[in-house]
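Here the structure comes first, spelled out in structure tokens, and everything after it is commentary.
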Amino acid sequence: QVDLMEFGGGSVQSGGSLNLSCSVSGYTWSGYCFGWFRQAPGKEREGIAAIATDGRTKYADSVKGRFTLSRDKDGNTLHLQMNSVDPEDTAKYFCAAGHGGTWCVIRSDFLESLYRYWGQGTQVTVSS
């Protein structure tokens, strides 16, 4: 199985920046997609960013232009650089992995069923 663990959550001022990391282990297959999701109290979990092993990415409109998803060269660490954060970004952030090839970035939505493996999440709180 694939294990994922998020790091880097915490409190940040509105307009500031934060970088989240996701450590990935047990990854033995090519053609994986990796994604970041978030969930705030009283709201549904939403996908915000995804990256395929070929480097292609996609972003939800809510974070496009502010957040950047990347992967280390060795493929063992994912990063989510969060810039110009807003109180609406306050949520628990999850990284996830799935064996979906490039379909996860080709699709216009973030279909959770494509992601078989999930981290336990890290809390991000943005204060005004």
Side-chain angles (χ1 to χ4, degrees):
Q1 64 179 29
V2 178
D3 294 319
L4 305 100
M5 184 178 297
E6 302 91 344
F7 299 93
S11 298
V12 63
Q13 294 274 61
S14 180
S17 298
L18 195 68
N19 187 275
L20 305 183
S21 298
C22 176
S23 176
V24 183
S25 63
Y27 175 44
T28 60
W29 300 98
S30 62
Y32 266 78
C33 285
F34 300 92
W36 282 94
F37 294 74
R38 68 184 183 184
Q39 186 170 28
K43 294 184 177 181
E44 296 183 357
R45 185 162 61 187
E46 62 171 340
I48 57 173
I51 186 170
T53 53
D54 64 1
R56 281 185 283 182
T57 58
K58 75 173 183 182
Y59 300 91
D61 289 341
S62 59
V63 305
K64 190 177 298 182
R66 300 188 298 119
F67 293 4
T68 302
L69 172 60
S70 62
R71 187 184 69 167
D72 282 359
K73 185 178 180 180
D74 62 9
N76 293 326
T77 306
L78 286 297
H79 303 277
L80 184 68
Q81 179 63 48
M82 306 167 60
N83 295 327
S84 301
V85 296
D86 185 270
E88 291 296 314
D89 296 319
T90 295
K92 193 171 186 178
Y93 285 71
F94 302 85
C95 63
H99 190 59
T102 60
W103 290 111
C104 60
V105 295
I106 293 174
R107 295 179 61 94
S108 60
D109 60 359
F110 292 83
L111 186 62
E112 290 194 12
S113 63
L114 292 176
Y115 300 88
R116 296 183 180 181
Y117 310 101
W118 294 76
Q120 293 188 329
T122 185
Q123 180 68 38
V124 172
T125 302
V126 182
S127 61
S128 60

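Bear in mind the structure is a predicted one, so any value in this text is a computation, not a measurement.
Every residue was checked against the side-chain hydrogen bond (donor to acceptor under 3.5 Å, both in side chains) condition with Arg116, not counting sequence neighbours, and none meets it.
Using a 4.5 Å heavy-atom cutoff, the side chains of Glu46 and Ser62 are in contact. Within the 4.5 Å cutoff, side-chain heavy atoms of Leu78 are placed close to those of Val24.
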### Task
Would you please test Gln39 and Tyr93 for side chain to side chain contact (heavy atoms under 4.5 Å, CB included) and show each step?
CA-CA 7 Å; Gln39 186 170 28; Tyr93 285 71; over 6 Å; no
### Worked verdict on Gln1 versus Tyr117 for side chain to side chain contact (heavy atoms under 4.5 Å, CB included)
CA-CA 8 Å; Gln1 64 179 29; Tyr117 310 101; 4.1 Å; yes
### Message
Let's go through Val124 and Leu18 carefully: what are the C-alpha distance in whole Å and the side-chain angles of both, what is the deciding distance for side chain to side chain contact (heavy atoms under 4.5 Å, CB included) to 0.1 Å, and is it a yes or a no?
### Response
CA-CA 9 Å; Val124 172; Leu18 195 68; 3.8 Å; yes
### Task
Mind running ring pair (Phe, Tyr, Trp, His ring centres under 6.0 Å) on Phe34 and Tyr115 for me, showing each step along the way?
CA-CA 8 Å; Phe34 300 92; Tyr115 300 88; 8.8 Å; no
### Task
Please step through side chain to side chain contact (heavy atoms under 4.5 Å, CB included) for the pair Leu20 and Phe7, ending with a clear verdict.
CA-CA 6 Å; Leu20 305 183; Phe7 299 93; over 6 Å; no
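Contact record, Tyr59 with Ala49: CD2-CB, 3.7 Å, taken as the closest heavy-atom pair. Across every non-hydrogen atom of Thr90 and Ala40, the tightest pair is O-CB, 3.5 Å. Nearest heavy atoms, Ser84 versus Ser17: N-OG, 4.4 Å.
Within the structure, every pair that satisfies the disulfide (SG to SG under 2.5 Å) test and touches residues 82-114, not counting sequence neighbours, is listed here: Cys22-Cys95, Cys33-Cys104. Pairs of residues two or more places apart, or lying in two chains, that qualify as side-chain hydrogen bond (donor to acceptor under 3.5 Å, both in side chains) and include a residue from residues 7-16 are Gln13-Ser127.
At a cut-off of 3.5 Å, with distance as the only test, no side-chain donor of His79 or Ser70 sits close to an acceptor on the other residue.
Under a 3.5 Å cut-off, the side chain of Lys58 and the backbone N or O of Ile106 do not form any donor-acceptor pair. Side-chain atoms of Ser23 do not come within 3.5 Å of backbone N or O of Thr77 as any donor-acceptor pair. Side chain of Gln81 to backbone of Asn19: no donor-acceptor contact under 3.5 angstrom is found.
Taken to the nearest 0.5 Å, the CZ atom of Phe67 stands 3.5 Å off from the CE atom of Met82. Summarising the geometry, atom CD belonging to Gln123 is positioned 7.5 Å from atom NZ belonging to Lys92; distances are rounded to the nearest 0.5 Å. Atom OG1 of Thr57 sits about 7.0 Å away from atom CG of Leu69, to the nearest 0.5 Å.
Taking the centre of each ring, Phe37 and Trp118 come in below the 6.0 Å mark.
Geometrically, Arg45 engages Phe94 in a cation-pi contact, judged by NZ or CZ lying under 6.0 Å from the ring centre and within 45° of the ring axis.
With Arg66 as the partner, the side chain to side chain donor-acceptor pair (under 3.5 Å) test is satisfied by one option alone out of Asn83, Asp86, Asp89: Asp89.
Clustering ILVMFWY residues whenever any of their side-chain heavy atoms sit less than 4.5 angstrom apart, transitively, puts Phe110 in a cluster other than the one holding Ile48. Cluster membership for Val63 and Val105, using ILVMFWY side-chain heavy atoms within less than 4.5 angstrom, is not shared. A single hydrophobic cluster is seen to contain both Leu80 and Leu4, as judged by linkage of ILVMFWY side chains at heavy-atom distances under 4.5 Å, directly or through other members.
Electrostatic pairing of Lys43 and Glu88 counts as a salt bridge here, judged by a charged N lying under 4.0 Å from a carboxylate O.
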